[in-house]
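Accompanying notes for the structure given below.
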Protein chains: 2
Amino acid sequence: MRSIGKQAELLKVIGHPVRLRILRELTKGVKCVSDLEEFLEISQPNISQHLALLRHHGLIDYYMDGRLRCYFLVDPIVPDLLDVLNRDYENPLPAPACCPVTKRGKYPGNRRH
Amino acid sequence: MRSIGKQAELLKVIGHPVRLRILRELTKGVKCVSDLEEFLEISQPNISQHLALLRHHGLIDYYMDGRLRCYFLVDPIVPDLLDVLNRDYENPLPAPACCPVTKRGKYPGNRRH
DNA sequence: TAATTATATTCAAATATTAGCATATTTTTA
DNA sequence: TAAAAATATGCTAATATTTGAATATAATTA
């Protein structure tokens with residue numbers, strides 16, 4: 001299992017709107033940079049930077065096809081995380097049972113009982 | 001479903017080692033700030049800041065128990081995301097079929113066929 | 001009511017991230 | 001071999017995040 005540090009790093013890398021859109025697109029299949037340019041409204045160098053970041057973190061990789069770099073997903077956690085993000089949650093988590101005991105114990109006084 | 005922007009924001013908020021540890025702890029049950037102080041090695045003001053950030057993003061909330069603030073999870077996506085992060089993945093995703101066609105089509109030349 | 005406990009807020013400094021611009025690299029085509 | 005196409009890299013300025021330090025607040029107890 002990933003360490004907490006690695007988990008946080010992973011989330012930070014994915015947690016950018018452009019990178020999220022790139023990853024979503026790659027879950028659909030292989031894309032070259034020009035394909036990505038078509039639907040991301042940002043500059044090509046900027047796209048390349050984001051791709052490099054994702055690649056250096058081991059989330060994606062590419063192969064060459066002529067002069068095209070064809071990027072694809074390699075880390076299997078990515079589609080699973082994206083699936084969770086797409087889920088619709090109707091309700092918040094149930095509120096905890098009234099005043100459960102923390103390590104510090106309970107205090108008298110004006111509690112919300 | 002959350003917008004891409006909200007999804008990225010959510011991941012960025014969770015994507016910090018201290019906040020991740022706080023959230024993991026809260027999946028186990030309600031904790032007051034002093035409880036959290038015991039196992040996080042950082043200052044109390046810093047913990048409060050992270051708690052405030054998590055709360056302002058709607059991930060957690062608290063109730064008062066005397067002078068204790070008892071924090072708990074409210075966003076149901078959190079335990080699901082943490083579960084995925086804890087999964088063990090044996091293998092990378094299968095490599096894409098050789099040279100799938102991108103929108104730009106294929107190029108002749110020295111491809112890896 | 002003064003002291004104590006539990007926790008939050010504010011501000012500033014250090015650091016990290018992001019985007020833009022100019023330019024470089026690589027492969028292919030003419 | 002020169003030009004074009006596809007993409008990457010390096011640098012910089014703008015912005016955001018993070019932490020620490022000092023202080024504030026709010027509830028409880030003495």
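All figures in this text were calculated on a predicted structure; none of them were measured in a lab. Each chain gets a letter, A, B and so on, in the order the sequences are listed, and its residues count up from 1.
- Closest approach to the A:Arg67 side chain among C:dT7, D:dA5, D:dA8 is made by D:dA5 (side chain taken as heavy atoms from C-beta onward).
- Contacts of residues 6-20 of chain A with DNA chain D (heavy atom under 4.0 Å): none.
- The shortest side-chain heavy-atom distance between A:Leu40 and A:His50 does not fall under the 4.5 Å cut-off.
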B:Asn86/A:Gln7 under side-chain contact (heavy atoms from CB on, under 4.5 Å): CA gap, chis, key distance, verdict: CA-CA 9 Å; B:Asn86 273 347; A:Gln7 293 182 0; 3.4 Å; yes
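- Atom OH in B:Tyr63 sits roughly 15 Å away from atom C1' in C:dA6 (whole-Å rounding).
- No hydrogens or angles were tested; on distance alone, nothing pairs the side chain of A:Gln49 with the base of D:dA8 as donor and acceptor under 3.5 Å.
- If you chain together hydrophobic residues whose side chains sit under 4.5 Å apart, A:Leu26 and A:Leu82 fall into the same group.
- Atoms CG (B:Leu40) and C1' (D:dT19) sit 14 Å apart, rounded to a whole Å.
- Across the interface with DNA chain C, nearest-nucleotide mapping of B:Ala52 and A:Pro45 shows B:Ala52 to be the residue nearer the 5′ end.
- Contact annotation: B:Tyr71 side-chain N/O to C:dA8 OP1/OP2 distance is under 4.0 Å.
- Between the P atom of D:dT17 and the NE2 atom of B:His56 lies a distance of 14 Å, rounded to the nearest Å.
- For D:dA6, the base has no donor-acceptor partner in the side chain of A:Gln44 [N/O atoms by modelled type, under 3.5 angstrom].
- The interatomic distance linking A:Ile47 (CD1) with C:dA19 (C1') rounds to 12 Å, in whole Å.
- Taking atom CG on B:Leu51 and atom C1' on D:dT19, their separation rounds to 15 Å, with Å as the unit.
- With contacts defined as side-chain heavy-atom distances shorter than 4.5 Å, the pair A:Leu10/B:Leu85 qualifies.
- Residues A:Glu38 and A:Ser34 bring no donor and acceptor atom of their side chains to less than 3.5 Å of each other.
- The phosphate of D:dA6 has neither OP1 nor OP2 within less than 4.0 Å of any side-chain N or O from A:Arg69.
- Considering only the side chain of B:Leu68, C:dT7 comes nearest among C:dA8, D:dC11, C:dT7.
- For A:Asp75 and A:Arg2, the salt-bridge test passes: some basic side-chain N is under 4.0 Å from an acidic carboxylate O.
- Contact annotation: the side chain of A:Leu51 approaches that of A:Leu36 to within less than 4.5 Å [non-hydrogen atoms, C-beta and beyond].
- Between C:dT10, D:dT7, C:dT18, one nucleotide has an atom nearer to the side chain of A:Leu53 than all others, and that is C:dT18.
- The nucleotide whose nearest atom lies closest to any side-chain atom of A:Cys32 is, among C:dT9, D:dT7, C:dA6, D:dT7.
- Classification of B:Glu9 and B:Lys12 as a salt-bridged pair fails, no side-chain N sitting under 4.0 Å from a carboxylate O.
- Of the candidates C:dA19, C:dT7, D:dA22, the closest approach to any side-chain atom of A:His50 belongs to C:dA19.
- The separation between B:Met64 atom CE and D:dA26 atom P is 10 Å, rounded to whole Å.
- In this structure, A:Glu38 places its CD atom 15 Å from C1' of D:dA5, rounding to the nearest Å.
- Of the candidates C:dA22, D:dT19, C:dG20, C:dG20 carries the atom nearest the A:Asn46 side chain, counting heavy atoms from C-beta on.
- Between A:Leu54 atom CG and C:dT18 atom P there is a gap of 11 Å when expressed in whole angstrom units.
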